Amino acid sequence: MGFIGKLILFPFKLAKWLTLWAIVTFILVALFSTPVEGISEHQRGAISQNCSTIQQTLSQLQKIDSRTRTYLGTTYETIANRFIIPLNLRLVKNNRPTLSDIQTAFILEQSKFREAYTDYMRGLESLIVADCKNHPDEFYQKLVITREKRAILRSATERLSDLSGQQYAAVLDLRSKL
């Protein structure tokens, strides 16, 4: 596999970080899963009693997410600026059909990723400083909102991963035709 293939597959190699993220998410979901009408007294007590541990776990998650965002953001920038765009420019110069649909979708999704990450990180910061000991209901509501923001961010990363795979397949197809 060439350099391009390795670079495109780089986001998949963040398994260590993603596994930790999945474990933390599972713990938070297990602790805070509740019906729509609100949290139970048991959950309220668990939040209040474990507030400092919860905030510490969320702070660790924030650090991991920040590193992961840096890795992914750098990878997406590299894929776009060193491979997708230059390849399309070269195809235009050689009067060949371009892969502009993938390029356009990738650039748009990259922008969505940046916005989603910023929105999610603001929500996470708000959650970390929330007074979960004295106001567990407010904390829980912020947690629900932050989860929704994280789901949007995950969707953007999945779409970028799909587009990277499409680009790689298109390059292999193009290579076989040349």
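Computed from a predicted structure; not experimentally measured.
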Practice prompt. Just do the side chain to side chain contact (heavy atoms under 4.5 Å, CB included) check on Arg147 and Leu143 with the steps written out, would you?
Written response: CA-CA 6 Å; Arg147 277 189 195 150; Leu143 176 66; 3.7 Å; yes
Item to complete: In sequence, state the C-alpha distance, the side-chain angles, and the governing distance for Gln60 and Leu58, and then conclude on side chain to side chain contact (heavy atoms under 4.5 Å, CB included).
Response: CA-CA 5 Å; Gln60 291 171 348; Leu58 290 171; over 6 Å; no
Discussion item. Run the salt bridge (charged side-chain N to carboxylate O under 4.0 Å, His left out) test on Glu115 and Lys112 for me, step by step, so that the C-alpha distance in whole Å, both residues' side-chain angles and the decisive distance to 0.1 Å come before the verdict.
Written reply: CA-CA 5 Å; Glu115 290 172 17; Lys112 288 179 186 177; over 6 Å; no
Discussion item. Applying side chain to side chain contact (heavy atoms under 4.5 Å, CB included) to Cys51 and Phe139, what does each step give before you reach the verdict?
Written reply: CA-CA 10 Å; Cys51 182; Phe139 175 82; over 6 Å; no
Worksheet item: What do the steps show when you test Ser66 against Tyr117 for side chain to side chain contact (heavy atoms under 4.5 Å, CB included), and what is the final call?
Response: CA-CA 9 Å; Ser66 180; Tyr117 178 80; 3.8 Å; yes
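The backbone N or O of Gly45 sits nowhere less than 3.5 Å from a side-chain atom of Ser48 that would complete a donor-acceptor pair. Looking only at distances, no side-chain donor or acceptor of Asp173 sits under 3.5 Å from a matching main-chain atom of Ala169. Proximity of a side-chain donor or acceptor of Gln55 to a complementary backbone N or O of Asn50 within less than 3.5 Å is not detected. A donor-acceptor contact shorter than 3.5 Å links the side chain of Asp131 to the backbone of Asn134. Counting only distance, with no hydrogens or angles, the side chain of Thr75 and the backbone of Tyr71 share a donor-acceptor pair below 3.5 Å. With Ser100 contributing its side chain and Gln103 its backbone, the two residues share no donor-acceptor pair below 3.5 Å.
Inter-residue side-chain proximity for Arg69 and Phe113 is flagged as met; some heavy-atom pair is nearer than 4.5 Å. Side-chain atoms of Val171 and Phe83, non-hydrogen and from C-beta on, never get closer than 4.5 Å to each other. Between Cys132 and Tyr140, the closest side-chain pair of non-hydrogen atoms is not below 4.5 Å. Annotation: side chain of Ile79 is not in contact with side chain of Gln167 (no heavy-atom distance under 4.5 Å). Counting heavy atoms from C-beta outward, Leu99 and Ile84 have side chains that stay 4.5 Å or more apart.
Both Leu127 and Met121 are members of a single hydrophobic cluster when ILVMFWY side chains are connected at heavy-atom separations under 4.5 Å.
Between Pro136 and Arg44, the shortest heavy-atom distance links the atoms CG-CG, 3.2 Å. Of all the heavy atoms in Ala80 and Pro86, the pair that sits closest is O-CD, 3.9 Å. Between Ala105 and Arg159, the closest heavy-atom pair is CB-NH2, 4.2 Å. The shortest heavy-atom contact between Ile102 and Ala170 is CD1-CB, 4.2 Å. The two residues Ser59 and Ile128 come nearest to each other via the heavy atoms OG-CG2, 3.7 Å.
Test Leu89, Leu87, Asn88 against Ile85 for side chain to side chain contact (heavy atoms under 4.5 Å, CB included) and you get one pass: Leu89.
Remark: the Asp65 side chain and the Tyr120 side chain contain an N/O donor-acceptor pair separated by less than 3.5 Å. Gln110 and Glu77 form a side-chain donor-acceptor contact under 3.5 Å, judged by distance and modelled atom types alone.
Taking 4.0 Å as the cut-off between side-chain N and carboxylate O, Arg122 and Glu125 do not count as a salt-bridged pair. In summary, Glu138 and Lys142 do not engage in a salt bridge, as defined by a charged side-chain N under 4.0 Å from a carboxylate O.
The environment of CD in Gln49 is sparse: at most 12 heavy-atom neighbours from other residues, nucleotides or ligands sit within 6.0 Å. Atom CZ of Arg114 sits in a crowded spot, with more than 12 heavy atoms from other residues, nucleotides or ligands closer than 6.0 Å.
Atom CG of residue Leu124 and atom CG of residue Leu153 lie 11.0 Å apart, to the nearest 0.5 angstrom. Going from atom CZ of Phe106 over to atom OG of Ser164 covers 4.0 Å, rounded to the nearest 0.5 Å. In this structure, CG in Asp137 is found 10.0 Å from CD in Gln43, a value given to the nearest 0.5 Å.
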